[in-house]
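These notes are about the structure you will find just below.
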Amino acid sequence: MVKIGNVTLDNGMPKICVPIVGRSVDELIQECRYLKDKIYDVVELRIDFLKDVLSLDAVGQALTAVRQELPDDAILFTFRTKEEGGETEVPESYYFDLITYAIKTGKVDAVDVEYFRNRTSIEKILTIAKEHGVTVIMSNHDFDKTPSFDEITGRLLGMKKLGADVAKLACMPQSAKDVLTLLSATEDVKSQYPDEPIITMSMGKLGTISRISGEIFGSALTFGSAKKASAPGQLEVTTLHQILQALHS
């Protein structure tokens, strides 16, 4: 049973994750308050948007502020690297310092770790996360194209083998066939690991269907935007919730 905070990622209706992308502590606080009347399950703090992200002190202040605003929420800490569509470029060593720091604050429930980073560093993070009871979502993002069926399944299974609690892959479709490739690869991996959560999505307008079809193909979490989207094709969180409810009922 994989959980992020008190949220269980299981089969059935996908859980909803809302990214917050404030560039300052004030903006993050405003975004947290904007969520007060929204229905969602997990908040993703996209720390790569923070303008002072190169200072661990500033990151600590941001984490403290978010946790004070959302004391009971499940929080996923993510620094999306520039290579995978993020906002800020940092040295790889600092990327891992950031994730380690976030885990050790005790203020986050899950961290995102990119699959194509240094293997030894990833293994260290997995150990530290386990010691602190923090869930690891291992991820890969391709904003240009959709990898082949074999590449998608290979990456997701590779994440599982490395020890990820959750494997995540997002890619950009150029055609309807690309969306089908992503969905069938998701179904294939899910059939091999029926009791373990995976997260996949096809981005942009073409891929919107993948954000609402998790219950059928096996993706356990979907991302909906609140004040500002963090990736192309995210539906507004209230709309997303209504669609999921309608499909589920």
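A continuous path of Ile, Leu, Val, Met, Phe, Trp and Tyr side chains, each step under 4.5 Å between heavy atoms, connects F217 with M159, placing both in one hydrophobic cluster. Y94 is connected to I122 through a chain of hydrophobic side-chain contacts under 4.5 Å among Ile, Leu, Val, Met, Phe, Trp and Tyr, so both are in one cluster. Residues Y101 and V90 are members of one and the same hydrophobic cluster, defined by side-chain heavy-atom contacts under 4.5 angstrom among Ile, Leu, Val, Met, Phe, Trp and Tyr. Hydrophobic cluster membership differs between I152 and L180, with clusters built from Ile, Leu, Val, Met, Phe, Trp and Tyr side chains linked at under 4.5 angstrom. Using a 4.5 Å cut-off between side-chain heavy atoms of Ile, Leu, Val, Met, Phe, Trp and Tyr, with links allowed through other members, V2 and Y193 fall into different hydrophobic clusters.
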Q.
Test side-chain hydrogen bond (donor to acceptor under 3.5 Å, both in side chains) on D26 and Q30; report intermediate values, then the result.
A. CA-CA 6 Å; D26 283 349; Q30 283 169 21; over 6 Å; no
Q: Start with the C-alpha gap between I4 and D41, add the side-chain angles, then the distance that decides, and say whether side-chain contact (heavy atoms from CB on, under 4.5 Å) holds.
A: CA-CA 9 Å; I4 299 178; D41 301 288; over 6 Å; no
Q.
Determine whether M201 and L182 satisfy the following criterion, side-chain contact (heavy atoms from CB on, under 4.5 Å), listing intermediate values before the conclusion.
A. CA-CA 7 Å; M201 68 218 65; L182 180 276; 5.6 Å; no
(Q) Please determine whether side-chain contact (heavy atoms from CB on, under 4.5 Å) holds for the pair C32 and V66, giving the CA-CA distance in whole Å, both sets of side-chain angles, and the decisive distance to 0.1 Å. (A) CA-CA 7 Å; C32 290; V66 170; 4.1 Å; yes
Q | Test side-chain contact (heavy atoms from CB on, under 4.5 Å) applied to V111 and V113, step by step | A | CA-CA 6 Å; V111 291; V113 180; 4.2 Å; yes
Which atom pairs, donor and acceptor, lie under 3.5 Å between side-chain atoms of residues 8-25 and protein residues at least two apart or in another chain?
residue : atom : partner : partner atom : Å
D10     : OD1  : K15     : NZ           : 3.1
N11     : OD1  : K190    : NZ           : 2.8
N11     : ND2  : P194    : O            : 3.2
K15     : NZ   : T8      : O            : 3.0
R23     : NH1  : F49     : O            : 3.4
R23     : NH2  : E87     : OE1          : 2.8
S24     : OG   : E27     : N            : 3.1

Please report, to 0.1 Å, the donor-acceptor pairs under 3.5 Å made by any side chain of residues 241-249, with sequence neighbours excluded.
residue : atom : partner : partner atom : Å
H241    : NE2  : Q245    : NE2          : 3.2
H248    : ND1  : E215    : OE1          : 3.0
H248    : ND1  : E215    : OE2          : 2.9
S249    : OG   : Q245    : O            : 3.3
S249    : OG   : A246    : O            : 3.1

Would you list the atom pairs, donor with acceptor, under 3.5 Å between side chains in residues 69-79 and any protein atom, with sequence neighbours excluded?
residue : atom : partner : partner atom : Å
E69     : OE1  : R33     : NE           : 3.0
E69     : OE2  : R33     : NE           : 3.4
E69     : OE2  : R33     : NH2          : 2.9
D73     : OD2  : Y40     : OH           : 2.5
T78     : OG1  : E44     : OE2          : 2.7

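Formation of a donor-acceptor pair under 3.5 Å by the D165 side chain with backbone atoms of V136 is found in this model. Listed for the T200 side chain is no donor-acceptor partner under 3.5 Å among the backbone atoms of T186.
Among residues at least two apart or in separate chains, salt bridge (Lys or Arg N to Asp or Glu O under 4.0 Å) pairs with a member in residues 101-112 are R67-D109, R80-D112. Residue pairs that meet the salt bridge (Lys or Arg N to Asp or Glu O under 4.0 Å) test with at least one member in residues 195-209, sequence neighbours left out, are K160-E196. Screening residues 130-140 for salt bridge (Lys or Arg N to Asp or Glu O under 4.0 Å), with sequence neighbours left out, gives no hits. Applying the side chain to side chain donor-acceptor pair (under 3.5 Å) test to residues at least two apart or on different chains, the pairs with a partner in residues 168-185 are H141-K168. Evaluation of the side chain to side chain donor-acceptor pair (under 3.5 Å) test over residues 48-58, restricted to residues two or more places apart or in two chains, returns R46-D48.
Looking at residues two or more places apart in sequence or on another chain, you find a side-chain hydrogen bond (donor to acceptor under 3.5 Å, both in side chains) between R155 and N140, E151. Partners of R117 according to the side-chain hydrogen bond (donor to acceptor under 3.5 Å, both in side chains) rule, which considers only residues two or more places apart in sequence or in another chain, are T81, E92, E114. In this structure, S210 has no side-chain hydrogen bond (donor to acceptor under 3.5 Å, both in side chains) partners at least two apart in sequence or on a different chain. Under the rule for a side-chain hydrogen bond (donor to acceptor under 3.5 Å, both in side chains), T153 has no partner lying at least two apart in sequence or in another chain.
At least one side-chain heavy atom of L169 sits less than 4.5 Å from a side-chain heavy atom of C171. With a 4.5 Å cut-off on side-chain heavy atoms, I39 and V237 do not count as touching.
With a 6.0 Å cutoff to the six-membered ring centre and a 45° limit on the axis angle, R119 does not count as a cation-pi contact of F116.
The distance from the OG1 atom of T100 to the CD1 atom of I125 is 3.0 Å, given to the nearest 0.5 Å. Atoms CZ and OG1, from F96 and T120 in turn, are 9.0 Å apart once rounded to the nearest 0.5 Å. Distance CG/L28 to CD/Q61: 11.5 Å, rounded to 0.5 Å. In this structure, OG in S213 is found 11.5 Å from CD in E187, a value given to the nearest 0.5 Å.
Here the closest non-hydrogen pair linking G218 and I198 is O-CG1, 3.5 Å. Between A62 and L50, the shortest heavy-atom distance links the atoms CB-CD2, 4.1 Å. Among all heavy-atom pairs drawn from V108 and A102, the shortest one is CG2-O, 3.5 Å. The heavy-atom pair separating I47 from V53 by the smallest distance is O-CG2, 3.3 Å. Minimum interatomic distance between L206 and I209 (heavy atoms only, all atoms of both residues): O-CG2, 4.3 Å. Contact record, V179 with P173: CG2-CB, 3.7 Å, taken as the closest heavy-atom pair.
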